[in-house]
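Convention: sequence-line order gives letters A, B, ...; per-chain numbering from 1. Note that the structure is a prediction, hence the values are computed from the model and not measured. Excluded from the calculations below are hydrogen atoms, water molecules and symmetry mates; all remaining heavy atoms, backbone and side chain alike, are included.
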Amino acid sequence: MNLFAEIKTVVLEAVARLAAEGVLPGEPATSEIMAGITVEPPRDASHGDMATNAAMVLARPAGVRPRDLAEKLAPLLEADDRIAEVTVAGPGFINLRLAPALWHGVIGAVLAEGADFGRSKMGAGQRVNIEFVSANPTGPLHVGHTRGAVFGDALASLLDFAGYRVSREYYINDGGAQVDVLARSAFERYREAHGLNPEIAEGLYPGDYLVPVGEALKAEFGDTLLDQPEDAWLEKVRDFATAMMMDLIRADLKALGVVMDVFYSEKSLYGSGRIEATLADLEARGLIYQGVLEPPKGRLPEDWEPRPQTLFKSTEYGDDVDRPIRKADGAWTYFAPDIAYHKDKIDRGFDLLIDVWGADHGGYVKRMKAVVAALSDNRVPLDIKLCQLVKLYKDGEPFKMSKRAGVFVTLREVVDEVGADVTRFVMLTRKNDAPLDFDFVKVLEQSRDNPVWYVQYAHARIRSLMLRAGEAGLETGDSTLASAALAGLIDDAELGLMRKLAEFPRLVETAATHHEPHRVAFYLYDLASEFHSWWNRGQDQPALRMIRDDDPGLSRARLALARAVQVVISAGLGILGVTPINEMK
RNA sequence: GGCCCCGUAGCUCAGCAGGAUAGAGCGGCCGCCUCCUAAGCGGCAGGUCACAGGUUCGAAUCCUGUCGGGGUCGCCA
């Protein structure tokens, strides 16, 4: 149920009737113009429950004045039972006040639909591939990855809720030089496991998370690799260590509540002919050539020298320069397998691709979009969401990470310290492209400026309320509450809360179209705020208390509203992957 | 220098598909617990939405330019 969509159809029908009666002269409104018609909550609640800009949008093509058109639309709208009052305001807004019963109906819808309230068919079953995390398999996930993991996972849930068929995917960078470095690093730990002194040379991974890998290598291979030249052991050790790192990463993700549908190996592309075939495809379109790039503008790198190389003509699709796909030594750049990988996603039939990257990869957005546009003949959109840095604090003090010493704050440490639910919610309290401050102390604080706690508190309060109601002899089952007579809910706080609940389905759709799960978190904060406010009105005015010993009917109505709030909080948290709590500790 | 992101209250940030008098939290000041969780609520103060143009009936929102902050810039991923 989406009340805004429902009322919008009323508006559109009224417009159609005017058109049929010839009241809309001039050119017939195009579908583009019609799409500009909105039905929204007005910014100022005193204007009414909903406002539509229909008259202002249609006035120009019709060649009439907005207010005149609004005056003609008004009586048609007022004729509908669901609309109690229509006023024309400002430059031509039509403000609608809905019949209270309509708001009351929201409560019924929430209680009937439960966790599915707000679920949308917007996506129409389109298939979406969301690739996220995709960290190099060379060590445990750290905080930066955590943000991407939470964002991608919540976005996936959001799109699923909005009616898309979603696949969560992780691209394993197991084909490049970094996994050879991993192998060499692990080999030193293998030597260490045999009682030898490891030589962690500059450029190797020093972290002691490789110590168990060394032990495991010893268990697997005994001492058979010890005196062998690198050629003999590199591949074995690399595959072994990569597999162990992926186990580690999978476990880290699981601790955060993230489960991937697909792990896609970069290495699997090598030797399969897929890279060559994809590049041949591009070549057939005239998009691959040998050429010499202009040096970058401005400050020239020290070792710059013009060099002919194999280039992809990404400028054909909006990039700034063409991009190399082979290194000087003839090996592929990382871009080449990435092209093949995205081609594979297109071939698997997805209608929409989403990549979630760290902001430091921003320079690669254009070339990736260019290649997907080229390979899909502009049919498959690719949206790339960049996640900004996470800055760590401990009670206001910046928390330094030293990557060189292999000391960095891992996903696991964050989750162990504050829990997966808190981690997830906090990671979504900023837009993805804004930097995020994460304070280990403040995220656990129990105060209003900690949104996680504040939202959870509302949920727990309602739980507590239901227990109280039960003790007072009131039935609190959903079916009982769903049949409550709601006409007594007329206080501003109550109507406001119902309006807020009615916004949820619409919010889900906007958040989904923008690929912005943080909007759900902000909505929940607002909803919680309105609930706390309502609660406290009962503190000030006993007549507004939710449990009224003298009026079981009204109590039931208010409990139904409270329960509906709880259900929507729970549904919203569900999208974010956060478990609602029932009791504050 | 090129490209990308950002610039909204003292601070941290929202701003819904361009809509009416721009919002919240923190900090400051003033109130509310014999009462369902005061871990909360209400109120007051605080803004040239970086700046200048443009499109529009209407711009914090879209376009161009300037300034400021961050990221990134062939053979790392």
Side-chain angles (χ1 to χ4, degrees), chain A residues 35-36 38 40-44 47 51 53 56 59-60 65-66 89-93 95 134-136 138 173 175-178 266 292-301 303-307 309 311 319-324 326-331 333-335 338 358-366 386 388-389 429-431 433-435 437 445-451 453-454 457 460-461 464-469 471-472 503 506-507 509-511 513-514 516 518-519 522-523 525-526 529 532-542 545-548 555 558 562 583-584:
Chain A
T38 59
E40 305 177 308
R43 183 165 289 172
D44 187 335
H47 291 140
N53 61 354
M56 291 183 291
R60 170 175 279 266
R65 286 188 300 186
F93 282 103
N95 290 326
S134 298
N136 287 339
T138 54
N173 290 108
Q178 72 283 352
E266 174 193 2
V292 181
L293 283 181
E294 294 286 311
K297 309 231 161 126
R299 207 173 54 233
L300 204 61
D303 57 347
W304 175 270
E305 55 185 58
R307 176 184 297 133
Q309 46 193 340
L311 298 168
D319 201 355
D320 310 303
V321 289
D322 295 336
R323 305 295 180 175
R326 273 189 198 279
K327 300 182 197 173
D329 64 3
T333 62
Y334 96 98
F335 188 39
D338 231 14
D360 54 340
H361 290 53
Y364 297 83
V365 169
K366 284 189 178 179
L386 301 179
Q388 271 291 351
L389 219 66
T429 54
R430 282 292 102 99
K431 249 186 318 201
D433 53 11
D437 292 344
E445 236 164 52
Q446 303 192 330
S447 72
R448 176 164 194 171
D449 63 327
N450 177 5
W453 174 84
Y454 190 68
Y457 182 38
R461 253 186 166 173
S464 157
L465 178 72
M466 292 301 158
L467 294 176
R468 286 278 179 160
E471 288 165 13
E503 276 175 38
R506 186 171 171 276
L507 174 108
E509 294 190 351
T510 10
T513 37
H514 290 270
E516 290 182 344
H518 77 274
R519 290 178 191 256
F522 281 92
Y523 169 84
Y525 183 82
D526 287 345
S529 172
H532 289 307
S533 177
W534 180 42
W535 176 286
N536 264 79
R537 280 166 85 114
Q539 306 278 357
D540 299 336
Q541 305 173 53
R545 294 180 55 154
M546 298 169 202
I547 300 172
R548 288 266 308 267
S555 299
R558 289 185 176 152
E583 214 171 337
M584 308 307 294

Think A:W534 has a side-chain N or O under 4.0 angstrom from the OP1 or OP2 of B:C36?
no

Classify A:L293 by what it touches in the nucleic acid, base, sugar-phosphate, or nothing, heavy-atom distance under 4.0 Å.
nothing

Distance-minimising heavy-atom pair for A:P324 and A:L293
CD-CD1, 4.2 Å

Establish, from distance only, whether the side-chain atoms of A:Y457 and A:R461 form a donor-acceptor pair under 3.5 Å.
yes

Where does B:C33 land, syn or anti, given syn is within 90° of 0?
syn

Examine distances only and state if a side-chain atom of A:N136 and a backbone atom of A:G176 form a donor-acceptor pair shorter than 3.5 Å.
no

Rounded distance (Å) that lies between atom P of B:C4 and atom CG of A:D319
10 Å

Integer-rounded Å distance: B:G25 P and A:D449 CG:
10 Å

Take atom C1' in B:G46 and the same atom in B:A9, then report the distance between them in whole Å.
6 Å

Report all interatomic pairs (protein N or O, nucleotide N or O of nucleotides 64-68 of chain B) with separations under 3.5 Å.
none

From the options B:G40, B:A38, B:C3, select the nucleotide whose nearest atom is closest to the side chain of A:W535.
B:A38

Could you check how far CG of A:D526 sits from P of B:G25, rounded to whole Å?
10 Å

Nearest-Å distance, CG (A:L386) to P (B:C3)?
17 Å

P atom, B:G18 versus B:U37: distance in rounded Å?
44 Å

Of the listed nucleotides B:G40, B:U12, B:C36, the one nearest the side chain of A:M546:
B:C36

For atom P, what is the distance between B:G70 and B:C13, given to the nearest Å?
15 Å

Please state how far atom OH in A:Y457 lies from atom P in B:U37, giving the value in whole angstrom units.
8 Å

Expressed in whole Å, how much space separates the P atoms belonging to B:C26 and B:A20?
26 Å

Give a yes/no answer on whether the side chain of A:K327 brings an N or O atom under 4.0 Å of OP1 or OP2 in B:G74.
no

Distance test, side-chain N/O of A:R461 to OP1/OP2 of B:U37, below 4.0 Å
no

In this structure, CZ of A:R326 is separated from CZ of A:F335 (nearest 0.5 Å) by 14.0 Å

Sub-4.5 Å side-chain heavy-atom contact between A:D433 and A:L386
no

Examine B:C41: is either OP1 or OP2 under 4.0 Å from a nitrogen or oxygen in the side chain of A:Y454? Give yes or no.
yes

Please confirm whether the backbone N or O of A:P41 pairs with a side-chain atom of A:E503, one donor and one acceptor, at under 3.5 Å?
no

Calculate the interatomic distance between A:D360 atom CG and B:C73 atom P; express it in whole Å.
9 Å

Would you compute the distance between atom NZ of A:K431 and atom CZ of A:R519 and round it to the nearest 0.5 angstrom?
8.5 Å

Of all the heavy-atom pairs spanning A:N173 and A:S134, show the shortest one and how long it is.
OD1-O, 3.4 Å

Check whether any side-chain nitrogen or oxygen of A:Q539 sits under 4.0 Å from OP1 or OP2 of B:A38, and answer yes or no.
yes

Quick one: pull up CD1 in A:I547 and CG in A:L465 and give me the separation to the nearest 0.5 Å.
4.5 Å

Could you grab the distance from atom CD of A:Q388 to atom CG of A:D360, nearest 0.5 Å is fine?
9.0 Å

Which whole number of Å gives the distance between the P atom of B:U61 and that of B:A52?
12 Å

So for A:R326 and B:C75, does any side-chain atom that can act as donor or acceptor lie under 3.5 Å from a complementary atom in the base?
no

Taking atom C1' in both B:A77 and B:U72, what distance in whole Å separates the two?
14 Å

Which word best sums up how the rings of A:Y334 and A:Y364 line up, parallel for under 30°, tilted for 30 to 60°, or perpendicular for over 60°?
perpendicular

How long is the gap from CZ on A:R323 to CD on A:Q309, to the nearest 0.5 Å?
11.5 Å

Is there a side-chain contact between A:S533 and the phosphate of B:G42, meaning an N or O under 4.0 Å from OP1 or OP2?
yes

Distance test, side-chain N/O of A:S464 to OP1/OP2 of B:C36, below 4.0 Å
no

For B:C33 versus B:U48, give the span between their C1' atoms, rounded off to a whole number of Å.
44 Å

Taken to the nearest whole Å, CG/A:N536 to C1'/B:G42 is 9 Å

Name the residue closer to the 5' end of RNA chain B, choosing between A:E583 and A:A177 according to the nucleotide with the nearest heavy atom.
A:E583

Tell me whether A:S464 contacts the main-chain N or O of A:A460 through its side chain, where contact means a donor paired with an acceptor under 3.5 Å.
no

Residue whose nearest RNA chain B nucleotide is more 5′ - A:D329 or A:P542:
A:P542

Any side-chain N or O of A:R323 less than 4.0 Å from the OP1 or OP2 oxygen of B:C75?
no

Specify the separation, in whole Å, of atom CG of A:D540 and atom P of B:C32.
11 Å

Have a look at A:Y525 and say if it touches a base, only the backbone sugar-phosphate, or nothing, with a 4.0 Å heavy-atom cut-off.
sugar-phosphate

Under a 3.5 Å cutoff on both atom distances, Watson-Crick or G-U, what's the dot-bracket for RNA chain B ([ ] crossing, | other strand)?
(((((((..((((.....[...)))).(((((.......))))).....(((((..]....))))))))))))....

Taking atom CZ of A:R448 and atom NE2 of A:H532, what is their separation to the nearest 0.5 Å?
7.5 Å

Go along nucleotides 14-21 of chain B 5' to 3' and tag each nucleotide: B for a protein heavy atom under 4.0 Å from its base, S when only backbone or sugar atoms are that close, - otherwise.
SSBS-BB-

Taking the P atom of each, how far is B:G10 from B:G28, in whole Å?
16 Å

Students often get this wrong, so: under 4.0 angstrom with heavy atoms, is A:Q178 touching a base, only sugar-phosphate, or nothing?
sugar-phosphate

Base, sugar-phosphate, or nothing for A:Q309, non-hydrogen atoms under 4.0 angstrom?
base

Start with the C-alpha distance between A:R558 and A:R548, add both sets of side-chain angles, then the distance that settles side chain to side chain contact (heavy atoms under 4.5 Å, CB included), and finish with yes or no.
CA-CA 9 Å; A:R558 289 185 176 152; A:R548 288 266 308 267; 4.1 Å; yes

